[in-house]
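The next block holds one structure in the form of structure tokens; read it before the comments.
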Number of protein chains: 2
Amino acid sequence: MDHTSPSARVNRDPAMTDVARLAGVSHQTVSRVLNEHPNVREQTRLRVRAAIEQLGYRPNRAARTLATGKSQLLGVVAQNSTLYGPSSLLAAFELAAAARGFVVSVRRVRVLDRSSIAAAVEHHREQRAAGIVVIAPTGAADEALAEVPTDVPVVAVDGDPERDAPLVTVDQEAGARLATRHLLDAGHATVWHVSGPADWFDAAGRLRGWQQTLEEAGAEVPPVGQADWSAASGYRAGLMLARMPEVTAVFAANDHLALGILRAMSERGRSVPGDVSVVGFDDVPEAAYFIPPLTTVRPDFDTVATEALAVLLAGISGEEPGSGRRVITPTLVERASVGPPPIGGGRSG
Amino acid sequence: MDHTSPSARVNRDPAMTDVARLAGVSHQTVSRVLNEHPNVREQTRLRVRAAIEQLGYRPNRAARTLATGKSQLLGVVAQNSTLYGPSSLLAAFELAAAARGFVVSVRRVRVLDRSSIAAAVEHHREQRAAGIVVIAPTGAADEALAEVPTDVPVVAVDGDPERDAPLVTVDQEAGARLATRHLLDAGHATVWHVSGPADWFDAAGRLRGWQQTLEEAGAEVPPVGQADWSAASGYRAGLMLARMPEVTAVFAANDHLALGILRAMSERGRSVPGDVSVVGFDDVPEAAYFIPPLTTVRPDFDTVATEALAVLLAGISGEEPGSGRRVITPTLVERASVGPPPIGGGRSG
DNA sequence: CATGAACGAGTGAGCGCTAACATCCAGGGG
DNA sequence: CCCCTGGATGTTAGCGCTCACTCGTTCATG
């Protein structure tokens, strides 16, 4: 900073006092205009606005944050992935937040472990973020969250549905039920499941929903194929499934797994949906163009994002923390990958 | 703010002066320790660090920004999409920036028009962002960029390769050449192209590279199928292509288009790569699990992101603006969707 | 033993804004 | 005709930090 030479300030951005001088008012009146304070005469308001326009003045957010102790900043902690769900969520959240005048700062973590999450949250607290969203799809992430001081609103997305804390998530169980029910209704004796990573809540929820539906229907619960979320692991699981003639219906934990399964079936000469029916989860934009078009479960990420923002905003404006819990119910999108079981492969009833 | 009651300050976050008091030094010494200034005695440094630890002190970024006039904030303007390329880029950039101690603030725009981009950039300038990245894949976005005042480093990603301004992008032409060449080398008389949206630089570059390669090889340049980036439009284009027996090789402007084409071919009973060979662009994670596995061009988004950050950092540390231009060359990933043309469908040579 | 770098540390001002309080002025009731 | 009320505006202090400068020691040098 140069405090000796006034000419050094010549090229700096105009500040509130500059506007005030030009408009012939005090800087405080400028502040009042900017913050839409009621007690300003219309004529004064106009003069100030004109001066702002003329100078190209832009308020300095850092100064405002310093003075108020509050920022207009929302922090997001996300993992470093391009998985469809998290990406969509993030984009939707950023858009929604921008519409409400908030800045969104994203911190990616390479792995979803306790210390990474904690560090990322700490980073946002250092920025004096007004609220923090953590995409916490695994137990470790969620545990880290439990330790965060409560002086700033925090909401988990895709977090542990059991934990009593602000949370917005998709009703994985309901989605899985929809999928499983749909396959059962098509006449299949039972439904096989290729699951996502065991430590993901999403995967666990889908597994649970599938299993419960089967049990309720009195259907046999076949062993579960473990996979990560990738098409590669779906393919591997699909290869196993393809050589078992009793497999006529598969519920994949997401669309990419389903894609891998579809390819495995195709390679092994088992037709979908002729021999095997497949249902996915996520409704990625390409799902309608898989071979065959994939029947899948669609979670509404826009709603998840909007609700997460709403929970945060409620927390910011001083409402009781811990109260915000929203669970979004997904819907089934029927396409061409489901059909009746082949003759002899269906259930008796 | 409460200036009357000192007890009102009891619960506020500890500030530098609190640390200073506890360590028995001045606030300035604390500042020196924090900023790793050399002229601090080791013993003093330790005492300060201990005090920081004890109080759980975290520096207030807003105050620092206000005092220095510089933030550690990097702004990103991106469109509201979950397209694979932009998403990957964004994630990679966020990770790289975090590693260098920067905060990344993302502003999504619904449409890539001039005023939206300008507003988003302005928003970041209001935050006193130290640098701004604009993912500007269309002409309109790029034009908006040209109007941005130059008092803050701005780098375009995926922008107009012709414009003389800081830019990091993938060498689309080179990638398209790789793809086209590969198909020609497999023996195809010519290669058909399904292009992305005409106003995208990426699409234009891929088109150019394809056309040039064909011309250089003395091959006929067939009419171009126009599409957006979606599997849906790839499917529509594929349907057309499938009914033309002379089509034996297709270069799709991205993998999702290729997916749509694959399905169209499959539906129409044309085998890939038996009857028709297909090459995509992007190497989405699922490409290896398409039916058949897709040969495609892989741009290295990590490198693009890292380079973009480097250009910004150079600009921030006061180097000549306008100098940063990096063009990343993609590579070809060979899989199973390319083969020789069917008998009678290849070129004479 | 005088001299002055070089180092370690402190002081004071100011970054641009908002909150609280102070002030001014017009108009209505006693 | 004075006082009170309340709207419009100004004044002041301070948010937490960094910068430029100052001050006091130490220690090598002649």
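The chains referred to below are lettered A, B, ... by the order of the sequence lines, with proteins before strands, and numbering in each begins at 1.
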Rounded to whole angstroms, how far apart are [atom1] on [X] and [atom2] on [N]?
{"X": "A:D13", "N": "C:dC15", "atom1": "CG", "atom2": "C1'", "answer": "12 Å"}
{"X": "B:E42", "N": "C:dC7", "atom1": "CD", "atom2": "P", "answer": "16 Å"}
{"X": "B:H27", "N": "C:dG12", "atom1": "NE2", "atom2": "P", "answer": "10 Å"}
{"X": "B:L66", "N": "C:dG14", "atom1": "CG", "atom2": "C1'", "answer": "9 Å"}
{"X": "B:Q72", "N": "D:dT18", "atom1": "CD", "atom2": "P", "answer": "11 Å"}
{"X": "B:N39", "N": "C:dG8", "atom1": "CG", "atom2": "C1'", "answer": "7 Å"}
{"X": "B:M16", "N": "C:dT11", "atom1": "CE", "atom2": "C1'", "answer": "15 Å"}
{"X": "A:R64", "N": "D:dG16", "atom1": "CZ", "atom2": "C1'", "answer": "18 Å"}

Mapping A:L34 and B:G24 to their closest nucleotides on DNA chain C, which lands nearer the 5' end? B:G24
Closest-nucleotide mapping onto DNA chain C: is B:R128 or B:V40 further toward the 5' terminus? I mean the 5' end. B:V40
According to a strict under-4.0 Å criterion, is [X] in side-chain N/O contact with OP1 or OP2 of [N]?
{"X": "A:R41", "N": "D:dG7", "result": "no"}
{"X": "B:R32", "N": "C:dG8", "result": "no"}
{"X": "A:T68", "N": "C:dT18", "result": "no"}
{"X": "A:N35", "N": "C:dT18", "result": "yes"}

Does some side-chain heavy atom of B:R128 sit less than 4.5 Å from a side-chain heavy atom of A:R58? yes
Within residues 44-62 of chain B, residues whose heavy atoms come under 4.0 Å of DNA chain D: B:Y57, B:P59, B:N60
Within the structure shown, what part of the strands sits under 4.0 Å from A:S26 by heavy-atom distance: base, sugar-phosphate, or nothing? base
Can you list the steps and then say if A:R108 with A:L90 is a side-chain contact (heavy atoms from CB on, under 4.5 Å)? CA-CA 11 Å; A:R108 299 267 179 178; A:L90 198 51; 3.4 Å; yes
Go through B:F93 and B:V157 one step at a time and tell me if the side-chain contact (heavy atoms from CB on, under 4.5 Å) criterion holds. CA-CA 11 Å; B:F93 185 80; B:V157 172; over 6 Å; no
Quick one: closest heavy-atom pair of B:V168 and B:V304, and the distance? CG1-O, 3.5 Å
May I ask you to decide if A:P161's main-chain N or O and A:R325's side chain share a donor-acceptor pair within less than 3.5 Å? yes
Candidates D:dC19, D:dG16, D:dA8 - which lies nearest the side chain of B:Q28: D:dC19
A:E147 meets the side chain to side chain donor-acceptor pair (under 3.5 Å) criterion, sequence neighbours left out, with A:R114
Before you tell me yes or no, could you show the steps for B:R110 and B:S116 under side-chain contact (heavy atoms from CB on, under 4.5 Å), namely the whole-Å CA-CA distance, both residues' side-chain angles and the distance that decides it to 0.1 Å? CA-CA 8 Å; B:R110 272 180 213 280; B:S116 303; over 6 Å; no
